[in-house]
Amino acid sequence: MEILEFRFDSTPGARPNHPALCGVVGSGNLEILVQSGELPDCCQVHIKTSARGFGTTWQAVLGDFAASHAAGGTTIAINDMGATPAVVSLRLAQALAEYQGGAQ
Amino acid sequence: MSLSLASRHSWFEATARARIAGLLDAGSFTEWLPPAVSQPSPHLAQLDLPGAFDDGVVVGYGQLAQKLIFVIAQEGQFMGGAVGEIHGAKIVGTLRRAAEEKPAAVLFLIDSGGVRLHEANAGLIAISEIMRAVLDARAAGVPVVALIGGSCGAFGGMGIVAKLCSAIVISEEGRLALSGPEVIETVMGVEEFDSKDRALVWRVTGGKHRYLMGDCAVLVEDDVAAFRSGAADFLAAWDEPVPGIATLRARQRGLEARLAAYGALCDGLDVWAALGVAQPESVPLLDRDSLVALKEGLPT
């Protein structure tokens, strides 16, 4: 297992109090828990992954996500069982939509 | 209950959370120890494996047909739904709370191969505590109904737990047994049981066989709405006295008679013929309604 920590600048978005979870820690899949974070213009990510040595790939996928979404003010925790970058991108978008949609 | 595939929402393919959302009255579910609060398994972390926030089981309460229901749902996609220490503690806590607070029922959505071997004794103890807690809830007058239709079925210790429940609702895709097919093949050899022969595995452990044998009270389609109506209808008609020594003895005699009648048979086809099914080879192709009608016509 490898533990990774990242922090990205991101446009401030809605920050409801209810956390959102999506995905399952199954083979080739991951679960993502989105909660409100400390800094309104920052997205913090904490990852536990079964696949070692993919830190730069995670940084690229997460950086792309933070740049293209209003994910500021969130803390994102991920448990990963070997999801591909495409799956990670889709799950991130899904988790953020569920988190921010839950505010309404 | 014939449904077009388009309107179906497969129970087999749904996650534990999706099953709960479709099973209970819309929006009525409240989770105990939700992911943001729960602890992943410390044992898996020691083995350098990523855990799940909810340790592979969702517990809480909600309503089914306006009645208060406690729910336990195992996530089969996470480590085969296997029972570890925290996973087990969440189940036991829910069952003990049911014995005290007496909801209309506990619905136990089983999807598990049994003990999580990574957690060794902690997992074994958790299973034994679950067994005790199921019996305690039933003794307190709370029916505990197992719902089986996930990809992992109910095997190992969870197979025993399923049979300790008040009743079982199962789909054709569901499987129920003690030792899993691969375990039997590994220990006894492929001549004893070929775990690659999926049709054989289903003829011996699958929902249709279990229903014909009287191991399961209700057979439903592989559909979340069918599980919902199956569970609700079953609970509406539920009227069983608290289990006692007399019912246990009668059950034991029934099992002895069953072993004597069918113990030498090696395939579901042979068992169904002995049950009085005229065309046993047609059973795997029957739809749910036809199979229920077939069982009702059998000599008992």
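Not measured: the values here are computed from a predicted model. Naming: A, B, ... by sequence-line order, numbering from 1 per chain.
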Could you work out, with salt bridge (Lys or Arg N to Asp or Glu O under 4.0 Å) as the rule, every residue matching Glu101(B), not counting sequence neighbours?
Arg97(B)
Is atom CZ of Phe6(A) surrounded by more than 12 heavy atoms (other residues, nucleotides or ligands) closer than 6.0 Å?
yes
Any side-chain to backbone donor/acceptor pair from Asp223(B) onto His9(B)? Under 3.5 Å, distance only.
yes
Is a side-chain N or O of Asp25(B) found less than 3.5 angstrom from the main chain of Gln66(B), in a donor-acceptor match?
yes
Main-chain N/O of Gly62(B) paired to Ser28(B) side chain as donor or acceptor, under 3.5 Å
no
So does Ala225(B) get a backbone contact from the side chain of Trp11(B), meaning a donor-acceptor N/O pair under 3.5 Å?
no
Under the side-chain hydrogen bond (donor to acceptor under 3.5 Å, both in side chains) criterion, do Glu182(B) and Ser195(B) qualify, and how do the steps go?
CA-CA 5 Å; Glu182(B) 288 174 21; Ser195(B) 68; 4.8 Å; no
Give me a line-by-line list of donor-acceptor atom pairs from chain B to chain A that are under 3.5 Å apart, or tell me none exist.
unit_1	atom_1	unit_2	atom_2	d
Asp48(B)	O	Met1(A)	N	3.2
Asp48(B)	OD2	Met1(A)	N	2.9
Asp48(B)	OD2	Arg52(A)	NH2	2.7
Gly51(B)	O	Asn79(A)	ND2	3.2
Phe53(B)	N	Glu31(A)	OE2	2.6

Is it the backbone or the side chain of Leu33(A) that comes under 4.5 Å from a heavy atom of chain B, or both, or neither?
both
Per-residue contact mode, Ile47(A) against chain B (heavy atom under 4.5 angstrom):
neither
